[in-house]
There are 2 protein chains.
Amino acid sequence: MSTLTSTPDALAQRLADSGLRSTPQREVIYDVLLKKRDHPTADEVFARVKSELPTISLATVYNCLETLVQCNLVRAVNFERGPTLYCPNLRPHAHFHDEQTGATHDIDLPEGLLAQVTTILPQGYDAKSVEIIFRGKAQSAR
Amino acid sequence: MSTLTSTPDALAQRLADSGLRSTPQREVIYDVLLKKRDHPTADEVFARVKSELPTISLATVYNCLETLVQCNLVRAVNFERGPTLYCPNLRPHAHFHDEQTGATHDIDLPEGLLAQVTTILPQGYDAKSVEIIFRGKAQSAR
DNA sequence: CAACAAATTGGAATGGTTCTAAGGTGCAAG
DNA sequence: CTTGCACCTTAGAACCATTCCAATTTGTTG
Ligand SMILES: [Mn+2]
Ligand SMILES: [Mn+2]
Ligand SMILES: [Zn+2]
Ligand SMILES: [Zn+2]
């Protein structure tokens with residue numbers, strides 16, 4: 001099982017690996033992210049999760065999302081100072097931020113691109129991660 | 001005079017071009033950014049500017065920085081949800097965020113790299129800007 | 001100078017996120 | 001079992017960078 005697969009079942013495993021418990025809140029939040037693979041804010045996740053867990057609190061949504069990020073099941077994405085977006089796509093990808101619609105699109109990276117981009121770093125720079133963000137206009141699907 | 005040069009004198013010109021006034025606040029703030037070419041926050045700029053303009057307000061610092069960004073004399077840079085950083089380097093460059101020290105380093109881009117990265121976009125995506133962010137550890141200058 | 005627009009100012013408001021303190025939950029040792 | 005204890009969730013307060021607002025100041029134009 002590679003680190004790139006995302007299934008609801010992967011969750012219990014990853015949590016256990018980190019010595020954390022599987023809870024209804026964590027499961028439902030992860031399910032919600034996998035079901036509609038867009039880039040919701042914590043508030044948006046809160047709204048979607050409420051139908052399943054009507055008494056969940058916003059603090060718990062933040063806590064669980066943070067846990068999922070720590071377990072490497074979800075990526076946190078930021079544009080300028082906007083609210084953090086949560087992305088369950090674990091493949092190496094860039095983000096395209098559509099300035100008209102506010103939508104965020106995943107752009108898969110060709111094999112080797114990150115390695116190549118990293119070669120621009122002068123000696124002495126040791127990058128643990130590289131992030132690529134595009135901003136512009138995306139053609140709407142017709 | 002290319003768009004890549006940064007001189008105090010360029011400011012009056014750019015402001016005029018946009019129908020804006022040259023003010024002491026705007027001049028001193030721009031000078032402060034050019035003098036120490038790091039990536040200060042608005043608060044940091046506020047602190048540096050106060051010695052020259054003791055009565056300046058933080059709101060004005062925000063207003064002026066925003067004006068400089070609109071005039072393309074300064075770039076605003078964000079890491080996660082941290083305070084916005086202001087960068088007077090107008091050459092195409094990436095940012096390296098040193099996670100140990102919190103320092104931000106400019107990484108000049110080789111000719112053609114942005115064009116090449118942009119080729120990963122599928123048809124229908126029209127990027128107006130590309131941003132590259134590295135995170136990791138940078139060797140301290142010894 | 002008068003009129004008006006542009007810019008600055010201090011302080012209040014905003015909004016996403018984090019913190020805090022109080023309960024709840026569930027495995028584990030006895 | 002059942003008690004202990006760590007983990008987790010919860011509501012609401014606090015935080016803090018930034019924006020907004022209304023009042024004043026500054027500068028330009030007629
Ligand atoms: Mn947007
Ligand atoms: Mn940092
Ligand atoms: Zn994504
Ligand atoms: Zn820079």
Side-chain angles (χ1 to χ4, degrees), chain A residues 11-12 14-32 39-50 52-71 73-87 102 104, chain B residues 11-12 14-32 39-50 52-71 73-87 102 104:
Chain A
L11 174 60
R14 286 294 185 90
L15 289 171
D17 291 352
S18 304
L20 301 173
R21 292 183 190 160
S22 187
T23 68
Q25 291 84 349
R26 286 170 179 171
E27 284 167 13
V28 172
I29 286 173
Y30 188 50
D31 284 354
V32 149
H39 295 79
T41 62
D43 255 342
E44 179 63 33
V45 171
F46 185 41
R48 294 183 197 174
V49 159
K50 264 177 172 165
E52 189 106 3
L53 299 173
T55 65
I56 196 172
S57 74
L58 180 57
T60 298
V61 172
Y62 275 103
N63 290 340
C64 292
L65 287 171
E66 173 63 15
T67 298
L68 294 176
V69 169
Q70 300 302 21
C71 291
L73 289 164
V74 169
R75 277 173 60 180
V77 182
N78 290 95
F79 298 122
E80 282 92 55
R81 299 251 324 156
T84 299
L85 309 180
Y86 295 89
C87 168
T104 299
Chain B
L11 174 59
R14 286 295 185 92
L15 289 171
D17 290 353
S18 303
L20 301 172
R21 293 180 188 162
S22 187
T23 68
Q25 290 85 350
R26 286 170 179 170
E27 284 167 12
V28 171
I29 286 173
Y30 189 50
D31 284 353
V32 149
H39 294 80
T41 62
D43 255 342
E44 180 64 31
V45 171
F46 186 41
R48 294 182 196 176
V49 160
K50 263 177 171 165
E52 189 105 2
L53 299 173
T55 67
I56 195 171
S57 74
L58 180 57
T60 297
V61 171
Y62 275 103
N63 291 339
C64 292
L65 287 170
E66 172 63 15
T67 297
L68 294 176
V69 169
Q70 300 302 22
C71 291
L73 288 164
V74 169
R75 277 172 60 179
V77 181
N78 290 95
F79 299 123
E80 283 92 56
R81 299 252 323 160
T84 299
L85 310 180
Y86 296 88
C87 168
T104 299

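Convention: sequence-line order gives letters A, B, ...; per-chain numbering from 1.
- Straight-line distance from the CG atom of Leu20(A) to the C1' atom of dT25(C): 15 Å, rounded to whole Å.
- Side-chain N/O atoms of Gln25(A) include one lying less than 4.0 angstrom from OP1 or OP2 on dT10(D).
- Distance CG (Leu15(B)) to C1' (dT28(D)): 16 Å, rounded to an integer number of Å.
- Counting any heavy atom pair closer than 4.0 Å across all strands shown, Thr23(A) reaches sugar-phosphate atoms only and no base atom.
- Two residues are said to be in side-chain contact when any heavy atoms from C-beta on lie closer than 4.5 Å; Leu85(A) and Thr41(A) meet this criterion.
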Review point. How does protein contact run along nucleotides 17-22 of chain D, one letter per nucleotide 5' to 3', with B for base contact, S for sugar-phosphate only, - for none, heavy atoms under 4.0 Å?
Key: SBBB--

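- Tyr30(B) contributes atom OH, which lies 15.5 Å from atom OH of Tyr86(B) (distance to the nearest 0.5 angstrom).
- Distance CG (Leu53(B)) to C1' (dA7(C)): 14 Å, rounded to an integer number of Å.
- Comparing the local axis fitted to the first five base pairs of the helix from dC1(C)-dG30(D) to dG30(C)-dC1(D) with the one fitted to its last five gives a bend of 10°, rounded to 10°.
- Closest to the side chain of Arg21(B), from the set dC8(D), dT8(C), dG27(D), is dG27(D).
- Side-chain contact between Ile29(B) and Ile56(B) is present, with at least one heavy-atom pair separated by less than 4.5 Å.
- In this structure, the side chains of Cys64(A) and Val49(A) stay at 4.5 Å or more apart for every pair of heavy atoms.
- Here the side chains of Arg48(B) and Pro40(B) are in contact, with some heavy-atom distance below 4.5 Å.
- Across all their heavy atoms, Val61(B) and Ala42(B) have their closest contact at CG1-O, 3.6 Å.
- At least one side-chain heavy atom of Phe79(A) sits under 4.5 Å from a side-chain heavy atom of Thr104(A).
- Judged by distance alone, with hydrogens and angles left aside, the side-chain atoms of Arg26(A) form no donor-acceptor pair with the main-chain N or O of Leu11(A) at under 3.5 Å.
- In terms of phosphate contacts, Arg26(B) brings a side-chain nitrogen or oxygen within less than 4.0 Å of OP1 or OP2 of dA7(C).
- A donor-acceptor contact shorter than 3.5 Å links the side chain of Arg81(B) to the backbone of Gly82(A).
- One interatomic measurement links the two molecules: CD of Glu80(B) to P of dT18(C), which rounds to 11 Å at whole-angstrom precision.
- With rounding to whole Å, Ile56(B) atom CD1 is found 16 Å from dG11(C) atom P.
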